[in-house]
Structure formats: structure tokens, C-alpha cells
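Treat the numbers as computed from the prediction; the structure is a model and nothing was measured. Chain identifiers are assigned alphabetically (A, B, ...) following the order of the sequence lines, protein sequences preceding nucleic acid strands; residue numbering begins at 1 within each chain.
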Protein chains: 2
Amino acid sequence: MSAPLFAKEGYDGVSIRDVAAATRLTPAALYYHFSDKDDLYLSVVIHEFRGKSTVLSNIIKGPEPPWERLEKFIEGLVNLTASDQNFTRLMQWVKLDSDEVRRHKLTEHVFSDLFVSVHDLVAELNSGHDAYMLAISIFGLITFPFELMTTRKFMPGYRPEHDKPAVIAKHVIDLLRSSLKKADGKTG
Amino acid sequence: MSAPLFAKEGYDGVSIRDVAAATRLTPAALYYHFSDKDDLYLSVVIHEFRGKSTVLSNIIKGPEPPWERLEKFIEGLVNLTASDQNFTRLMQWVKLDSDEVRRHKLTEHVFSDLFVSVHDLVAELNSGHDAYMLAISIFGLITFPFELMTTRKFMPGYRPEHDKPAVIAKHVIDLLRSSLKKADGKTG
DNA sequence: GTCTATAGTCAGATAGAC
DNA sequence: GTCTATCTGACTATAGAC
């Protein structure tokens, strides 16, 4: 209910009174359910990510060859990111969080599982690239166009199709294919 | 003087009093030089980026073949990003800024010139990829490892060398080479 | 140009009635 | 569990002395 608020304005930009208005409760009622603002914020953000990362992890653990699972994962994360703007912004706020304890807790719940899944998948590809770096690159390639969504519209060369999930996913896959995909007919 | 403050805590996380303490002025003195907090913030951030993007643009406009200039640009932006942590964080705050007018002004001064330079460079490569998407991908590949710096240390597979600029730059270049670089002996 | 002092508003958090 | 009322402190911004 209040996730869009935190997604838009971040921790410092949202007051307990704002959350109270959005949930049609009073500040005092919120303090009955949460010990303080940090507790409320953590609960909201972690709840927002629950389920989403497990859906993507399941894609990654499918029966297909690694490259095909990677393609499906890329399409899945692009679609998720495109369909829920709060998702990307909440991740951005996590990365920027200036409170170390809070950022550590969020990282654990928000990034870890999915990162491990992608890391293990790209390791299977045997591409020669460092799996850790490669996993980070893939997340960067997928999320960066969405992180820039509100600013890149002013850049030269922009066309509305650059916002379409299918176009973004295809671009990422095309960019990675020649570096990562083993030749089709190759056998051990 | 107060750029590190805004880099760490963002617009909402830094008060006029904080800036006053950092500059050893009083809030009232700051209001003599700046009309309001927005004016102060914009001045600080834009000043922080001046010069930096022109240095990189000059690399891009060198005499070498396009792919070599792209390699040098990647190394240059990686080194800049690695040497000045404020740089990355201020860019992240710009992307997340919830005030549309402020974000528009910052985008103009912070992103535009460099984006245009990279866009035109990758267009020269004739790689077959959309130049606009490709420019965004390159910025994503370079900056994402630094945006995740504080959180990815907790991820499995992490080694300290993953923070080294040379390693990050090499990874990005290696990842892009087979997709973007024309065969060496090719002539028109 | 920089100061002290302060106006006016909003923040996080709590006490106590129901 | 949720409310009204309120405490305490921090915030942006300004007035006016020097």
C-alpha cells in the first residue's frame, strides 16, 4: 500500500504521516504495528520483493540448456521491471541507502538469492568470463535502461520503442550472445 | 566542499545546517549566496561534474579508430568512477530525484554531453546494434559494478580484485569486443 | 558578506482514552 | 487495535544588527 510512496520519494522523502494517510491509519496506529520508521520501511520493501525473485529463480532452474535459461531469465526480469516501476526504484534506493545496517539487511533479502541463481547459471555457460563479474554485468544491462527511464527520454536518438520490454530484452540478448553462447553443434 | 555530503545522503538527507557546518559558514550566509536549498544543491552537483565529462569527451573525439577510442573511453570512465566515489553516487541521486524540474536540469548538465559523444562513437562502429541502446548499455556495464560496490561485497564469488579498475575495464571490453569490433583486416 | 536570533512548519515518537 | 492530543527536536528560510 505504501510501497509506491517509498519507491517514489525514498526513505527520507516519506514521513510516517504520509504512510498513515496512504493506509488511512493514524501515525499512532502504525507505531502499534512497527517499532519505528526503519522497521516499517524494511517491512514494506522486503514484502515488495518477496515472490518476485523466487519466480525468476525458478526460470533459472529449469531443464533447458544454460543459454536458453539465460534468455528466459533476461526476458523475465525485463518484463517484471517494465511492469512494475516501483521494483526498479526500490532497488535503486537500496543501493544508495546511507545507513549501513539497513542496507545490509535489505541486500540480504532483496539481492542475494537472485544473484546466486544468476551467478551459478552463467558459470554453467563456461564462457571464459568471470561468473561474478558477468552476473553483475547482466543485471546492469537489464536494469540500467529502466533506471534511466525518466532521464533518457531527453537524449538524442530516443524513440518510443526504446521503452518496449521486447526491444530491451532483444538488445541485451543480442549483445551477449556472441560473447556467451557456445556454438550450437558443439559436443563434449 | 559539500559534494561528499550530498553524495552520501542525498538531497533530503542533508540539511542546510549540515552544509553550513561542512563549509564553516552559517545557514544565513549560505542563503546570501544561494536563493534556496534547490539552488545550492544544483550548484554543488553541476560544479562537481564540470570538467569531468569534457575530459572523457575529448578521449572520444581522438584520432584513433572507433573501437580503440571506445576502449580508452571505457578505461577513462572506469578510472574516474573508481577514483571518485562521489561521482557515481551523485549520478545515482540524479536518476532517483523525485522532483521533475530538478531532475531535468541535472540531466541536462550531467548526462547529455557525454551521452551524445558515446552515442556518436558507437554509431561509427557500425556494429548493427541500435546506437542509442548500445550507449546506454555501455554506461550500465561501466557504472553498475560501482553502484553495487557497497552491497556486492556480501555476494558469493566476490574477490577483492573485482574492485580493481583494470579488472572491471578489461571485463567490460572483453564482453563487448566480439559483438562490436569489426574484423581487423577488413577494408571498405 | 557574515552574524545572532527566531519565525513557522514538519518530523519521529509517545501517552492515555476508548 | 485505533484514536486524539501532544511532546521534543529538526527543518527551511528570513529579519535585522554589524
Side-chain angles (χ1 to χ4, degrees), chain A residues 1-48 50 86 89-90 92-107 109-110, chain B residues 1-48 50 86 89-90 92-107 109-110:
Chain A
M1 199 71 164
S2 44
L5 269 181
F6 284 115
K8 191 180 183 201
E9 311 272 358
Y11 181 89
D12 288 328
V14 178
S15 68
I16 297 287
R17 286 170 175 77
D18 293 333
V19 177
T23 55
R24 294 197 286 200
L25 291 174
T26 59
L30 287 173
Y31 276 98
Y32 175 81
H33 293 283
F34 305 98
S35 61
D36 55 16
K37 190 184 173 184
D38 264 41
D39 182 32
L40 191 160
Y41 177 70
L42 287 169
S43 302
V44 168
V45 177
I46 291 171
H47 177 269
E48 190 70 8
R50 258 210 214 308
N86 298 328
R89 287 187 69 92
L90 287 175
Q92 289 179 263
W93 289 117
V94 171
K95 287 190 290 179
L96 272 172
D97 203 311
S98 55
D99 185 287
E100 207 166 340
V101 176
R102 209 167 52 204
R103 189 178 62 240
H104 194 353
K105 286 180 187 168
L106 288 168
T107 302
H109 288 88
V110 169
Chain B
M1 200 72 163
S2 44
L5 269 181
F6 284 115
K8 190 180 183 203
E9 311 271 357
Y11 181 88
D12 289 328
V14 178
S15 68
I16 297 288
R17 284 171 174 79
D18 294 332
V19 177
T23 56
R24 293 197 287 200
L25 292 173
T26 59
L30 287 172
Y31 277 98
Y32 175 81
H33 293 283
F34 304 97
S35 60
D36 55 16
K37 190 184 172 183
D38 263 43
D39 183 32
L40 190 159
Y41 177 70
L42 287 169
S43 301
V44 168
V45 176
I46 291 171
H47 176 268
E48 190 71 7
R50 260 212 213 306
N86 298 329
R89 286 187 70 91
L90 287 175
Q92 289 179 263
W93 289 116
V94 171
K95 287 191 290 180
L96 272 172
D97 203 313
S98 55
D99 185 287
E100 207 167 340
V101 177
R102 207 166 56 203
R103 189 179 61 241
H104 195 353
K105 286 180 186 167
L106 288 168
T107 302
H109 288 88
V110 169

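- In the set dG12(C), dT14(C), dT2(C), dG12(C) carries the atom at the smallest distance from any side-chain atom of Lys37(A).
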Applying side chain to side chain contact (heavy atoms under 4.5 Å, CB included), run through Asn86(B) and Phe6(B) and close with a yes or a no.
CA-CA 9 Å; Asn86(B) 298 329; Phe6(B) 284 115; over 6 Å; no
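- Residue Ser15(A) has its side chain nearest to dA11(C) when only dC11(D), dA11(C), dT2(C) are considered.
- For the salt bridge (charged side-chain N to carboxylate O under 4.0 Å, His left out) test with Arg102(B), the passing option among Asp39(B), Asp97(B), Asp36(B) is Asp97(B); the others fail.
- Remark: Tyr32(A) is not in phosphate contact with dT2(D), judged by side-chain N or O atoms under 4.0 Å from OP1 or OP2.
- Among dT14(D), dA13(D), dT4(D), the nucleotide with an atom closest to any side-chain atom of Asp36(B) is dA13(D).
- Here the side chain of His33(B) is nearest to one of dT2(D), dC3(C), dG1(C), namely dG1(C).
- Looking only at distances, no side-chain donor or acceptor of Lys95(A) sits under 3.5 Å from a matching main-chain atom of Arg103(A).
- Nearest to the side-chain atoms of Ile16(A) among the listed nucleotides dG12(C), dC3(C), dT4(D) stands dG12(C).
- At dT2(C), none of the side-chain N or O atoms of Thr26(B) fall inside 4.0 Å of OP1 or OP2 (strictly under the cut-off).
- Between Pro27(A) and Asp18(A), the residue anchored nearer the 5' end of DNA chain C, judged by the nucleotide with its closest heavy atom, is Asp18(A).
- Among dT6(D), dT14(D), dT2(D), the nucleotide with an atom closest to any side-chain atom of Arg17(A) is dT6(D).
- Separating the CG atom of Leu30(A) from the P atom of dT14(C) is a distance of 13 Å, rounded to the nearest angstrom.
- The CG-C1' distance, from Asp12(A) to dC10(C), rounds to 14 Å in whole Å.
- dA11(C) atom C1' lies 15 Å from atom CD of Glu9(A), rounded to whole Å.
- In this structure, the CG atom of Asp38(B) is 13 Å from the C1' atom of dA13(D), given to the nearest Å.
- The side chain of Leu25(B) lies closest to dC3(C) when the candidates are dC3(D), dG1(C), dC3(C).
- Proximity of a side-chain donor or acceptor of Thr26(B) to a complementary backbone N or O of Ala29(B) within less than 3.5 Å is detected.
- Within a 6.0 Å radius of NZ in Lys37(A), other residues, nucleotides and ligands contribute more than 12 heavy atoms.
- Nucleic acid contact class of Val14(B) (heavy atoms, under 4.0 Å, all strands): sugar-phosphate only.
- For the pair Tyr31(A) OH and dA5(D) C1', the interatomic distance rounds to 16 Å; values are reported in whole Å.
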